[in-house]
Number of protein chains: 2
Amino acid sequence: MMLTMSTEQLSPTSFLVLGLLAREGPSTPYELKRHVAETLGVIWSFPHALLYAEPPRLVAQGLATEDHELTGRRRRTFSITDEGIESLQAWLERPARESTELRDVGLLQLLFANVGSRDARHQIATDQLSIHRGKLAGFEQSETTEVLKGRPVPANDKPQQWRGQALRMGVLYERAAVDFWEGVSLGVAAEEAATVRSGREDVTHG
Amino acid sequence: MMLTMSTEQLSPTSFLVLGLLAREGPSTPYELKRHVAETLGVIWSFPHALLYAEPPRLVAQGLATEDHELTGRRRRTFSITDEGIESLQAWLERPARESTELRDVGLLQLLFANVGSRDARHQIATDQLSIHRGKLAGFEQSETTEVLKGRPVPANDKPQQWRGQALRMGVLYERAAVDFWEGVSLGVAAEEAATVRSGREDVTHG
DNA sequence: GGGTACATGTAATCAGTTACATGATTTA
DNA sequence: TAAATCATGTAACTGATTACATGTACCC
């Protein structure tokens, strides 16, 4: 007899939920949502509806079990099964070949910024700068302060450490993004200066 | 009288196609695919089926027109309409509030790496390092060399410039990623060393 | 003249997104 | 007790992914 055919159509979302169930123990979708919001969610958004939809799928595949509260809020608590853990571990051993998806509509706009007005370019750069600066400020404290300082990574609390890592990547990315958009801003400013010097004041095209 | 109600349900994919049609002129889906592969595609993947499916949607909304070749390959060539250009420009003026989606399954694995073996952690870090180093090498030349050196951005060729920008962000990101995963590698190595020192040689050592 | 890589497209499925809707707690 | 916010879910739609499938050009 064969073991399981599981791990067949599991998505990143599936492994996110499996991983959380494995690490945090039995959880309701709302608790999953909370944990995601604190960690991966800051760089890779998972709408809460997903975290309600995914656990039942796992149950259908025998990777989790459900416990439905009968009173009050009628919460649904999900737990990972042994198969679930196996599946998760098998996935951890399997090298991820895909490289990062860096989906950024600001970048997409920049790509075609020449079709818009010079003013639009200016606006795009400004908006993006404030977005990325905001993000950076946001978790430069929550990460550095909370994870690295508040708790000096007690070496035996590995889970914490690995979790902090994910946020560190976010910080690195946001720093790069701020640098990048500052450069773009300078470019736009230079462009404006050049236009003014050369006396042209045609509004619509760059 | 109102102008148009367009720009209502357009996705990033829509604007990608509109932008390419605006910049490159009438194109077949295959040509779109080529252009995407050269630029945004390296950091934000758009499967080719998307680029076949999107143009007809734009046609249905009056943002593009189709010209179907009757002989040989029966190519379908799409052109942007005036409404399409308006829609694109309106979108460029509209600030993008969403921040970057940084979807990386390597990071997701790292997040739960403590559930796996130490060996798995090592493997993850190694794999990711080679992926990101590969990407970096890949377009550190294609970008820096081709865009910045080969053609010294002749100031009047703005489109080129803006396109190059998108790739520059990719380079910055990959550099950050390499730094990050090098750090993780060190962490894993330290963990291994610590385990060896403390004499435990459990698990997978045959 | 057969293989192989490029070119071109379609179909089915399903995850993901958006929107809606309401229940429970807290606070003013 | 009203308002606000947190908590909990479901339903519909559709874009995205995957898989399939065939045509055309080129090269050995």
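As the structure is a prediction and not an experimental result, all values here were calculated from the model. Each chain gets a letter, A, B and so on, in the order its sequence line appears, and its residues count up from 1.
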Report the distance from atom CG of Leu10(A) to atom P of dT18(D), rounded to the nearest whole Å.
-> 14 Å
Can you check whether Arg57(A) has a side-chain N or O nearer than 4.0 Å to OP1 or OP2 of dA15(C)?
-> yes
Using the test side chain to side chain contact (heavy atoms under 4.5 Å, CB included), find all partners of Ser11(B) that sit at least two apart in sequence or belong to another chain.
-> Thr13(B), Ser14(B), Glu54(B)
Distance, nearest 0.5 Å, that separates CG of Leu40(B) from CZ of Phe46(B) | 5.5 Å
Contacts of His48(A) that satisfy ring-ring contact (aromatic ring centres under 6.0 Å, His included) - sequence neighbours left out | Tyr52(A)
Between dG16(C), dT17(C), dT8(C), spot the one nearest the side chain of Pro47(A), thanks.
-> dT17(C)
Non-neighbouring partners of Ser99(B) that pass side chain to side chain contact (heavy atoms under 4.5 Å, CB included), sequence neighbours left out | Ile131(A), Lys135(A)
Listed partners of Thr100(A) passing side-chain hydrogen bond (donor to acceptor under 3.5 Å, both in side chains), at least two apart = Asp104(B), Tyr173(B)
Would you mind listing every salt bridge (charged side-chain N to carboxylate O under 4.0 Å, His left out) that reaches into residues 124-133 of chain B, with sequence neighbours excluded?
-> Arg133(B)-Glu182(B)
Taking only heavy atoms on the protein side, list every residue of residues 48-55 of chain A lying under 4.0 Å from any atom of DNA chain C, sorted numerically.
-> Ala49(A), Leu50(A)
Could you tell me which residues satisfy salt bridge (Lys or Arg N to Asp or Glu O under 4.0 Å) with Glu93(B), sequence neighbours excluded, listed by chain and number?
-> none
Where along residues 97-106 of chain A does a heavy atom fall under 4.0 Å from DNA chain C?
-> none
Whole angstrom value for the distance that separates P of dT8(D) from CD of Glu31(A) = 8 Å
Which atoms form the tightest heavy-atom contact between Leu111(A) and Asn114(A), and what is the distance?
-> O-OD1, 4.1 Å
Can you tell me the distance, in whole Å, between the CZ atom of Phe46(B) and the C1' atom of dG15(D)?
-> 12 Å
Any residue meeting side chain to side chain contact (heavy atoms under 4.5 Å, CB included) with Glu66(A), in chain and number order, not counting sequence neighbours | Val59(A), His68(A), Arg76(A), Phe78(A)
Considering residues at least two apart in sequence or located in another chain, which fulfil the salt bridge (Lys or Arg N to Asp or Glu O under 4.0 Å) criterion with Arg103(B)?
-> Glu101(B)
Could you list the residues that satisfy side chain to side chain contact (heavy atoms under 4.5 Å, CB included) with Ala96(A), not counting sequence neighbours?
-> Glu98(A), Val105(B), Gln109(B), Gln128(B)
For dA16(D), take OP1 and OP2 only and decide whether either is under 4.0 Å from a side-chain N or O of Thr13(B).
-> yes
Lys33(B) NZ to dT8(C) P, straight-line distance once rounded to whole Å = 9 Å
Under 4.0 Å between a side-chain N/O of Arg34(B) and OP1 or OP2 of dT8(C), yes or no?
-> no
In which stems does DNA chain D show up, taking only runs of three or more Watson-Crick or G-U wobble pairs whose two distances fall under 3.5 Å?
-> C:1-28 with D:1-28
